[in-house]
Protein chains: 2
Amino acid sequence: MKIDRPRRLPDEIAKNISFAIEAGQLKPGDRLPTEQALSDQFGVARTVVREAISLLKYDGVIQSRRGVGAFIAQAGGRSAFRISPACFEKRKQLVQLLQLRTGVQTDASALAATARNNLQLAGIGGFLQEMISAVAQGGDAIERRVDAEFAFYRAITEASGNDYYVEFIGMIESKIVENLRSVAIKNARAAEWGEDVLAEHQTVFDAISARDAEAARIATRIHFERAAQRLTDRADIADL
Amino acid sequence: MKIDRPRRLPDEIAKNISFAIEAGQLKPGDRLPTEQALSDQFGVARTVVREAISLLKYDGVIQSRRGVGAFIAQAGGRSAFRISPACFEKRKQLVQLLQLRTGVQTDASALAATARNNLQLAGIGGFLQEMISAVAQGGDAIERRVDAEFAFYRAITEASGNDYYVEFIGMIESKIVENLRSVAIKNARAAEWGEDVLAEHQTVFDAISARDAEAARIATRIHFERAAQRLTDRADIADL
DNA sequence: ATAAATCAGTTGTCTGACAATATGTTTTAT
DNA sequence: ATAAAACATATTGTCAGACAACTGATTTAT
């Protein structure tokens, strides 16, 4: 059981304001209440409010002008892509997020097929062998299977040679496992594992090995679409 | 000429620390100097240092424990995808960024081909017509051309039905135009425009109109790869 | 009427203090 | 001597107030 972390006040305030913006209570161009008013409203010190506003400024959600005030920025001006925890509370958003992950991972595989070198291919193949042996062992090797799968696709992404793919997929992946009660999902996914899933990975590897970008794209897409299907089919997620 | 915005101290400090992490001076697990030490080192008040650290905490770059200190987080734990301005100073990173944009936009087009409704298609076609007429008018309609192109692909992305694609591409796009001295690039791109580029867009539209996802993917990829080529070929970017 | 000076309001920064928490040290009880 | 408890210390988190820098509007002087 995970202990609930001690909340930080500035984060709470930032979330509060952020929700107000998403809900449409504060529209682009509107002026935020003064820091003094906000600190009174939330019952915290002004430094806390300042830190909260500073976070939102960092993301480009609001802009402030000294001597004037803070304003809600235009919708297009975001300077960071951040996955809010709320995504995992609504089924539609979760599906969209998995869809995005699938698309990016697919591109990464296609890139890797042409950009990879032999050393990287060997590394990727090593994780595939790890998965195969873990499946053969069965039973108590659940963790090994799942970890190897993560490593497998991470190695593929790294072989693409594009650091942004690595960073982006890493971020999405960590957010997904963090919010979907990782252990339960891990077990669930591991339990569903069989030879067929292994064949999906094998196909991906073969395509990258053959430097066939299109085949890699198709194989990766098939796997992640099925994985997303298996994930969203689960009972504990279906009723979101 | 762009006026240099009044620097904000916390942002400067955050950048400084962030660079130190990227440069490897501070590795995951390392402990940050105390807030007091940092405020002495940078010659600012502790509140400023606190805001800076708060930003990095928000991105998951560092974690802090009350009574102990602040620590560099593991590389995989980022909770936001942010494009640092440094990307635009190195040619390799810029190419990678454009590659990522191309991949995601390509997926968005493919999705739009199947998910679009007729109303959205009409909107997309409208922007295509806008581009055609602007090109036909020639000369002083440069802004119209470029704005219509942005709107065209934005409309396609929205037609994909996935909000994350819209948000992600919008963020990347705004960062690109912001950092590549938008006006100069706009003019450059507009000057290079001709019937051939228009044909690229037309092909994309036709594929989406025909609900042909693969054709849409290919056509979009062709356009953006060529666009990236044209962009990086420019002299003022070539010598980064 | 126009321009300059003044003023009130807001954000940005500084300073100092205290609260909350973790770690290491010392004291005390057994 | 050992273990537990109390204490001291260090660090982050929060609070409170002040002043600086800046903006926009108001007032005043010419």
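Sequence lines set the chain letters: A, B, ... in the order given, protein chains first and strands last, and positions in each chain run from 1. All figures in this text were calculated on a predicted structure; none of them were measured in a lab. Because only heavy atoms are used, hydrogens play no part in the values below, and waters and symmetry mates are left out as well, while side chains stay in.
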Side chain of B:Asp59, backbone of B:Ala80: donor and acceptor closer than 3.5 Å?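 No, because the side chain of B:Asp59 does not come within donor-acceptor range (under 3.5 Å) of the backbone of B:Ala80.
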B:Asn162 side chain to A:Gln96 main-chain N or O, any donor-acceptor pair under 3.5 Å?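 Here the side-chain-to-backbone pair exists.
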Measuring from A:Ile176:CD1 to A:Ile83:CD1, what's the distance to the nearest 0.5 Å?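 Here the rounded value is 6.5 Å.
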From CG (A:Leu26) to CD1 (A:Ile17), nearest 0.5 Å: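 Spacing of CG (A:Leu26) from CD1 (A:Ile17) equals 8.0 Å.
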Sequence neighbours excluded, every pair satisfying salt bridge (charged side-chain N to carboxylate O under 4.0 Å, His left out) that has a member inside residues 37-57 of chain B: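 Residue pairs with at least one partner in residues 37-57 of chain B: A:Arg50-B:Glu51, A:Glu51-B:Arg50, B:Glu35-B:Arg46, B:Glu35-B:Arg50.
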Which pairs count as salt bridge (charged side-chain N to carboxylate O under 4.0 Å, His left out) when at least one residue sits in residues 155-169 of chain B, sequence neighbours excluded?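 Output for this query lists B:Arg154-B:Glu158.
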Summarise protein proximity over nucleotides 11-19 of chain C in one line of letters, 5' to 3': B for base, S for sugar-phosphate only, - for none, counting protein heavy atoms closer than 4.0 Å. BBBBB-B--
Going by the ring-ring contact (aromatic ring centres under 6.0 Å, His included) test, which pairs reach into residues 42-82 of chain B, not counting sequence neighbours?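 Only A:Phe168-B:Phe81, B:Phe81-B:Phe168 qualify under ring-ring contact (aromatic ring centres under 6.0 Å, His included).
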Indicate, with yes or no, if the rings of B:His223 and B:Tyr153 have centres closer together than 6.0 Å.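 Here the rings of B:Tyr153 and B:His223 have centres that are less than 6.0 Å from each other.
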To the nearest 10 degrees, how far apart in direction are the end axes of the helix from C:dA1-D:dT30 to C:dT30-D:dA1, each fit to five base pairs?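 The angle, to the nearest 10 degrees, is 20°.
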Using a heavy-atom cut-off of 4.0 Å to chain A, what are the terminal contacting nucleotides of DNA chain D, in 5' to 3' order?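 Answer, 5' to 3': D:dT14 to D:dG24.
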If you look at every heavy atom in A:Ile172 and A:Arg101, which pair is closest and at what distance?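 Of all heavy-atom pairs spanning A:Ile172 and A:Arg101, the closest is CG2-CG, 3.7 Å.
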Looking at side-chain heavy atoms only, is the closest gap between B:Ile62 and B:Leu32 below 4.5 Å?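 Side-chain contact under 4.5 Å: yes.
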